[in-house]
Amino acid sequence: MTCDFYQLATPGVQGLHPYQPGKPVEELERELGISNSIKLASNENPHGPSEMAIAAVQASLLESCRYPDASGFKLKQELSTRYGFHPDTITLGNGSNDVLDIIGHAFLLPGDEVIYSQHAFIVYQLVAQSTSATAVVTPAKTWGHDLDAMAAAVTDKTRIIFLANPNNPTGTWFAGDALRAFMAKIPEHVIVVLDEAYAEYVAEPDYLSGLELQSEYANLIITRTFSKAYGLAGLRIGYGVADAAITDLLNRVRQPFNVNIPALEAAVAVLSDTEYLQHCVELNHAGMAQLEKGCEQLGVSWIPSVGNFITVDCGRDAGPVYAALLKEGVIVRPVANYGMPNHLRVTVGLPEENHRFLAAFKQVLQNSEKDE
Ligand SMILES: *Cc1c(COP(=O)(O)O)cnc(C)c1O
């Protein structure tokens with residue numbers, strides 16, 4: 001008889017479901033035998049990478065026989081001069097997802113409580129589950145975080161609170177006043193992880209980055225990524241900013257060479273390509289307006305979003321709508337696993353991609369009405 005390896009896994013891992021990524025274009029085209037599909041499913045930057053980043057990656061390949069600089073000295077210096085935080089407060093990760101994972105492994109034991117919101121980014125659930133910690137999920141408030149409810153959920157066992165500002169997949173956000181009031185209520189032994197993967201896109205005047213508050217709150221960790229507005233999702237690089245003592249702990253858990261040479265070099269290069277960032281943010285705002293207008297014309301409602309995606313309400317089970325869009329060569333993201341079975345999340349694409357989605361969406365909605 002073969003061994004039941006499932007019984008050997010930790011209780012957390014036994015209950016774990018793998019992360020469901022957006023469907024790759026190649027996979028769809030292989031399955032349906034079609035071409036020219038578009039992917040608006042993973043909140044990637046539709047513009048393509050920065051020319052400066054590409055040049056840096058190409059040059060860096062000559063060093064591929066070497067291990068990367070495990071301390072990430074150059075990138076930490078660059079971040080430090082740009083934003084003013086000390087290099088000793090920076091943890092580099094293989095994407096910010098890596099940083100979220102490292103935080104979980106540094107601080108969570110089975111039975112510890114982790115608080116996050118309903119409809120929040122699913123990686124928080126994965127981090128809690130993989131460490132066999134106990135997830136405490138607070139109800140959402142108009143799709144966003146109910147910070148009061150989250151603060152009220154703190155107990156002696158709470159170790160980590162995950163906040164996403166803006167949140168994915170809802171695109172919701174909270175203001176600086178709310179963040180300050182929240183932090184003032186949280187005891188210092190509870191670590192607040194503020195995930196700001198989409199911060200570069202936010203133009204609301206009362207938005208406040210946690211980076212402004214980090215020096216006031218030693219228990220606050222901010223995570224940022226190069227995957228979204230900086231257009232480097234495929235290279236996998238992000239970072240956390242935290243108190244030096246916390247950073248020291250994270251550095252003990254981190255794999256020594258968790259960030260590769262091309263990623264480090266590309267990140268340094270794109271930080272100085274301010275034109276690129278500005279252009280991508282403008283492209284996103286125009287694309288968001290285009291999608292909102294198109295949805296309005298279709299009579300489809302959406303959750304107001306400050307990210308690079310919009311989550312639309314199909315008014316029915318979104319599964320068949322998703323499947324029908326795939327047949328039109330348009331890949332979006334179902335969010336039933338976020339407790340949102342009627343919604344689809346659509347990444348803001350290039351103008352022609354947004355147009356193509358809206359045309360396909362119109363077609364699919366009309367066809368499904370005929371079927372009813
Ligand atoms: C995309 C995303 C991330 C980051 O992903 P990485 O590519 O691992 O940096 C983190 N948090 C949220 C909310 C996201 O949507």
Side-chain angles (χ1 to χ4, degrees), residues 18-22 24 39-46 49 53 72 75 79 90-105 114 116-128 130 140 143-145 160-174 192-202 207 209-211 221-241 250 254-255 258-260 262-264 266-267 270-271 280 284 303 305-311 332-335 337-338 340 343 345-348:
Y19 180 83
Q20 294 171 14
K39 182 185 176 204
L40 301 174
S42 298
N43 300 346
E44 293 149 339
N45 190 325
L75 178 56
L79 288 167
I90 305 171
T91 304
L92 300 180
N94 197 267
S96 57
N97 196 330
D98 186 29
V99 180
L100 298 172
D101 214 45
I102 290 168
I103 295 167
H105 284 96
V114 176
Y116 53 86
S117 173
Q118 182 188 18
H119 312 311
F121 188 45
I122 215 147
V123 165
Y124 315 146
Q125 181 195 322
L126 297 179
V127 169
S130 66
W143 301 109
H145 293 10
I160 296 179
I161 304 176
F162 284 107
L163 303 176
N165 197 27
N167 183 44
N168 167 22
T170 57
T172 49
W173 64 286
F174 46 83
V192 176
V193 181
L194 181 53
D195 178 346
E196 296 188 339
Y198 301 95
E200 294 84 4
Y201 292 111
V202 185
Y207 179 80
S209 168
L211 294 173
I221 308 179
I222 295 93
T223 61
R224 290 270 181 126
T225 183
F226 287 94
S227 298
K228 309 284 160 59
Y230 284 108
L232 298 176
L235 290 180
R236 314 302 305 126
I237 182 159
Y239 60 96
V241 181
L250 301 182
R254 181 180 69 84
Q255 286 179 35
N258 63 334
V259 185
N260 65 68
L264 288 167
V270 77
L271 277 175
C280 292
N284 184 65
I303 304 169
S305 166
V306 295
N308 67 344
F309 56 90
I310 183 167
T311 299
V332 297
R333 190 68 161 269
V335 284
N337 57 337
Y338 283 89
M340 302 170 72
H343 285 81
R345 192 193 69 195
V346 184
T347 303
V348 176

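In each ligand, atom 1 is the first atom listed, and ligand 1 is the first ligand listed.
Looking at heavy atoms from C-beta onward, Arg236 lies in side-chain contact with Asn97 at the 4.5 angstrom threshold. Proximity of Leu271 to Leu75: side-chain heavy atoms (C-beta onward) are separated by under 4.5 Å at one or more points. Within the 4.5 Å cutoff, the side chain of Met340 has heavy atoms near those of the Pro169 side chain.
For atom 4 (C) of ligand 1, the choice among Ala120, Ser96, Gly95, Gly93 with the nearest heavy atom turns out to be Ser96.
Formation of a donor-acceptor pair under 3.5 Å by the Thr347 side chain with backbone atoms of Glu44 is not found in this model.
For Tyr198, the closest heavy-atom approach to ligand 1 falls below 4.0 Å. The shortest heavy-atom distance from Gly238 to ligand 1 is not under 4.0 Å.
Counting atoms of ligand 1 from 1 in the listed order, those under 4.0 Å from a heavy atom of Thr225 are 6 (P), 7 (O), 9 (O). In summary, the atoms of ligand 1 found under 4.0 Å from a heavy atom of Ser227, numbered by their order in the structure, are 6 (P), 7 (O), 9 (O). Numbered from 1 in the order shown, with element, the atoms of ligand 1 that lie under 4.0 Å from a heavy atom of Asn168 read 13 (C), 14 (C), 15 (O).
Ring centroids of Tyr116 and Phe121 are separated by 6.0 Å or more, keeping the two rings apart.
If you check which protein heavy atom lies closest to atom 11 (N) of ligand 1, you get Asp195 OD2, 2.6 Å. The nearest protein atom to atom 2 (C) of ligand 1, hydrogens excluded, is given as Lys228 NZ, 2.4 Å; this is a heavy-atom distance. Nearest protein heavy-atom contact of atom 8 (O) of ligand 1 is Arg236 NH2, 2.7 Å.
For the residue pair Tyr124/Asp195, the side-chain donor-acceptor check at 3.5 Å is satisfied. A donor-acceptor contact closer than 3.5 angstrom links the side chains of Asn168 and Arg345.
Pairing each heavy atom of Leu92 with each of Arg254, the nearest pair is O-CD, 3.7 Å.
The shortest N/O to N/O separation between Asn94 and ligand 1 does not fall below 3.5 Å. Looking at ligand 1, you won't find any N or O of Tyr124 less than 3.5 Å from one of its N or O atoms.
With a 4.0 Å cut-off on non-hydrogen atoms, Ala197 touches ligand 1 through its side chain and not its backbone.
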